[in-house]
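So the structure is just underneath, and the comments pick up after that.
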There are 2 protein chains.
Amino acid sequence: MRVSLKDVAAHAGVSIKTVSNVVNDYQHVTPAMRARVQRSIDALGYRPNLAARHLRKGRTGIIALALPEFGNPYFAELAAAVIDAAAEHDHIVLLDHTGGRREQEVLVSQAFRARVIDGLILSPIELSADDLRDRAEDVPLVLLGEREYDLPYDHIAIDNVAAARTAVRHLISLGCREVAFIGARRGNSEPAELRLRGWRAELTSAGLSVDDGLVAATDGWGYGDGAAAMVGILTAGRRPDAVFAYNDPMAMGAMRVLHEWGLRVPEDVAVVGFDDVVEGRFGAVTLTSVSPDKEAIGRLAVESVLARLGGTTSEVRRIRAGHRLVERESTLGRRHAAHDGTIRVPS
Amino acid sequence: MRVSLKDVAAHAGVSIKTVSNVVNDYQHVTPAMRARVQRSIDALGYRPNLAARHLRKGRTGIIALALPEFGNPYFAELAAAVIDAAAEHDHIVLLDHTGGRREQEVLVSQAFRARVIDGLILSPIELSADDLRDRAEDVPLVLLGEREYDLPYDHIAIDNVAAARTAVRHLISLGCREVAFIGARRGNSEPAELRLRGWRAELTSAGLSVDDGLVAATDGWGYGDGAAAMVGILTAGRRPDAVFAYNDPMAMGAMRVLHEWGLRVPEDVAVVGFDDVVEGRFGAVTLTSVSPDKEAIGRLAVESVLARLGGTTSEVRRIRAGHRLVERESTLGRRHAAHDGTIRVPS
DNA sequence: GTGAAAGCGCTAACAG
DNA sequence: CTGTTAGCGCTTTCAC
């Protein structure tokens, strides 16, 4: 049997309340009393029962984080950032994955699976505004990612349109004139909308034609999808001189196909990805990518949930995290390694 | 205010117990009564308070999973497997990462950070047997991964020695005679011990010399570590004709360096990784790898925790999950893609 | 089959 | 500064 406050109180010869005061670092306890109680706590190996505390306080100290999938390393890295940020605030993270499927996202958003949580951070893919509007749930919800809803929920994201424009501008500045977009779209939802918009806007403002034949729709967001999209463009007879992919895995899948087709990166086709995933830094050709500030996203998401929990904030906030373009070999031209034993790891 | 059992009972004009019976699918409730209560539940939108249930039952339905890092895609994929397996059993997963650092692993093993959990699945790197022996904690612990301890905790893993031997045997069968081992070792702990032992055993039984100059120690287990290790071997003037890496990221880092040095894979150097991570399937040269059955590992780990929780098992179990060698281009020789529009994704 | 009452371990009022 | 008491929402005996 676990030892309870009562046991400690009996052992120390004081009341339950006094022990509680010590455990909770209550201000007005005499040092002598504190020491005495602490001795009993140590002697009995007392550890507070969180379930009871939760029942009483109505808080659990647990934040749920629901991401589409961990197979995409961006989300794995984001999860790490959220876990660390939560730990800073003495909270713990319950992790779930939705597969980017609407019904899973709806379930998660209503906290069906995990009802022990104080708050919820969700990165939706297919979820609609209506699904969210129907949400009858009082735990605070914070949204992450590219989808934007006109609803009273905090949203943390980078400026996707601007980021996409930066990527495309970079390609154009290298002399590319036919920039393909490999992006995820399926069904009604259009998760890649903002990045596609940025692609379109930048091409237009550069005076280049916006050619929808160079936009490849995909079913998912993985390597295989990027590869399939690239094959689609090539077999359609198109030969773009640049590819801007929705994310890094898709960019890498595309590069794999380009390689198989005997097209060189970046000489024949320059490639830019999105997310700046660690994997992109170690391929035969390192990948230029838009790098969102994941650490900031994680931190802001956690702080946002906690602020709402504390009741300090009432207004809905759209928070922009930073981003920057990290230029590597897939656009900058092939550099050759100095065979002097130094290892060059592009940052 | 949330609606409680009492509210529902009042609304339905029955006792609390009856409502509880309905909520918990208790057998002996008349259908009429069940319907009536259910109507009140729906009308009021009642949802059970888990904190209260936990307090009463002493169970939370939460399993903690502590992994070294999610940056390594193997662990990301493993996390997904555990989450799914737990969901099958109506349990939820609390995720934590240790960074593979001993003090973090000790903390986690004692459930310090997360005291709301029914059980714990831990994949240790540096943790010592003594650390574990000192563990004064009653929540069931299940261990994952290559480290083996002679302690009363269930352990789920593949047969690392046999798996490593298979990998090395494959390389030898291709005519390789100088097989380097790129593995993680630092401080006193030797996480790569079993795989290194397999490497040694297979070389010996093939009548090849075991050359410690071909064993590269590293600080971590990432791309950069693999790259650095490869640079170390090459700058030492060694030219192995094969590399067996502790894991896929390290293998990919090594391949990157081989590429920079103008060495072709697999013509000059064949490479085998470990973990069969999805990333390995899409590089310019796809990676041959030992593929552990992650799905089985996740499932067995969850079942192991729950069995111990149910008190059905008392004996300590060492469970072996399956593995197989997936042969791809990094050993099998470069195949050229058929430019017929079909996309070939090596399984 | 259903109801009444006790209590899981803790915290928050309020007394003292 | 410390003790007493009530009750968070639920499950679990035990009567009826």
Side-chain angles (χ1 to χ4, degrees), chain A residues 1-41 44-62 90 111 114-118 138-139 309 311, chain B residues 1-41 44-62 90 111 114-118 138-139:
Chain A
M1 215 41 227
R2 281 275 279 257
V3 1
S4 77
L5 270 191
K6 194 156 67 173
D7 302 324
V8 178
H11 184 273
V14 297
S15 83
I16 293 181
K17 168 64 175 156
T18 304
V19 181
S20 174
N21 283 342
V22 172
V23 171
N24 292 293
D25 274 327
Y26 182 60
Q27 302 289 359
H28 311 288
V29 187
T30 53
M33 179 59 89
R34 183 180 297 279
R36 174 165 144 213
V37 171
Q38 189 59 51
R39 227 172 298 125
S40 294
I41 288 177
L44 299 179
Y46 169 75
R47 302 251 304 267
N49 178 324
L50 291 202
R53 183 176 289 176
H54 297 162
L55 171 57
R56 185 66 236 213
K57 313 233 294 197
R59 289 274 203 93
T60 62
I62 301 178
D90 288 320
R115 300 206 295 299
V116 272
I117 60 176
D118 288 348
D138 45 358
V139 315
L309 225 44
Chain B
M1 214 41 227
R2 281 275 279 257
V3 0
S4 76
L5 270 190
K6 192 156 69 173
D7 302 322
V8 178
H11 185 272
V14 297
S15 83
I16 293 180
K17 165 67 173 152
T18 305
V19 181
S20 174
N21 283 342
V22 172
V23 171
N24 292 294
D25 274 327
Y26 182 61
Q27 302 289 0
H28 310 288
V29 187
T30 53
M33 178 59 87
R34 183 180 297 279
R36 175 166 142 213
V37 171
Q38 188 60 53
R39 227 172 299 126
S40 294
I41 287 176
L44 298 179
Y46 168 75
R47 302 248 308 263
N49 177 323
L50 291 202
R53 185 175 286 176
H54 297 162
L55 172 58
R56 187 64 234 211
K57 312 235 293 198
R59 290 271 204 97
T60 62
I62 300 177
D90 289 318
R115 300 207 295 300
V116 273
I117 60 176
D118 288 348
D138 45 357
V139 314

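Note on naming: letters A, B, ... go to the chains in the order of the sequence lines (proteins, then strands), and numbering restarts at 1 for each one.
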Whole-Å distance between [N] [atom2] and [X] [atom1]?
X     : N      : atom1 : atom2 : answer
B/I16 : C/dA5  : CD1   : P     : 11 Å
A/K6  : D/dT5  : NZ    : C1'   : 14 Å
A/L55 : D/dC10 : CG    : P     : 9 Å
B/K57 : D/dT13 : NZ    : P     : 12 Å
A/H54 : C/dA12 : NE2   : P     : 13 Å
B/L44 : D/dG9  : CG    : P     : 14 Å
B/R53 : C/dG9  : CZ    : C1'   : 18 Å
B/L5  : C/dA4  : CG    : P     : 14 Å

Where the side chain of [X] is concerned, which of [options] is the nearest nucleotide?
X     : options                : value
A/S4  : C/dG7, D/dC1, C/dG9    : C/dG9
A/P48 : C/dG1, C/dC10, D/dG9   : C/dC10
B/K17 : C/dC10, D/dT13, D/dC10 : D/dT13
A/A52 : C/dG3, C/dC10, D/dC10  : C/dC10
B/S15 : C/dA4, C/dG9, D/dT2    : C/dA4

Examine the base of D/dG9 for any acceptor or donor lying under 3.5 Å from a partner atom in the side chain of B/R56, and report the outcome as yes or no.
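For B/R56, whose side chain was compared with the base of D/dG9, there is no donor-acceptor pair (under 3.5 Å).
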
Determine whether a donor-acceptor pair (N or O, by modelled atom type, separation under 3.5 Å) exists between the side chain of B/H11 and the backbone of B/D7.
no

Ignoring backbone atoms, test whether A/N24 places a side-chain nitrogen or oxygen under 4.0 Å from the OP1 or OP2 oxygen of C/dT11.
yes

What contact category does B/V23 fall into here, base, sugar-phosphate, or nothing, at under 4.0 angstrom with non-hydrogen atoms?
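Nothing, no heavy atom under 4.0 Å.
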
With DNA chain C as reference, determine whether B/V29 or A/Y46 sits nearer its 5' end, using the nearest nucleotide of each.
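Taking each residue's closest nucleotide, the earlier one in sequence belongs to B/V29.
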
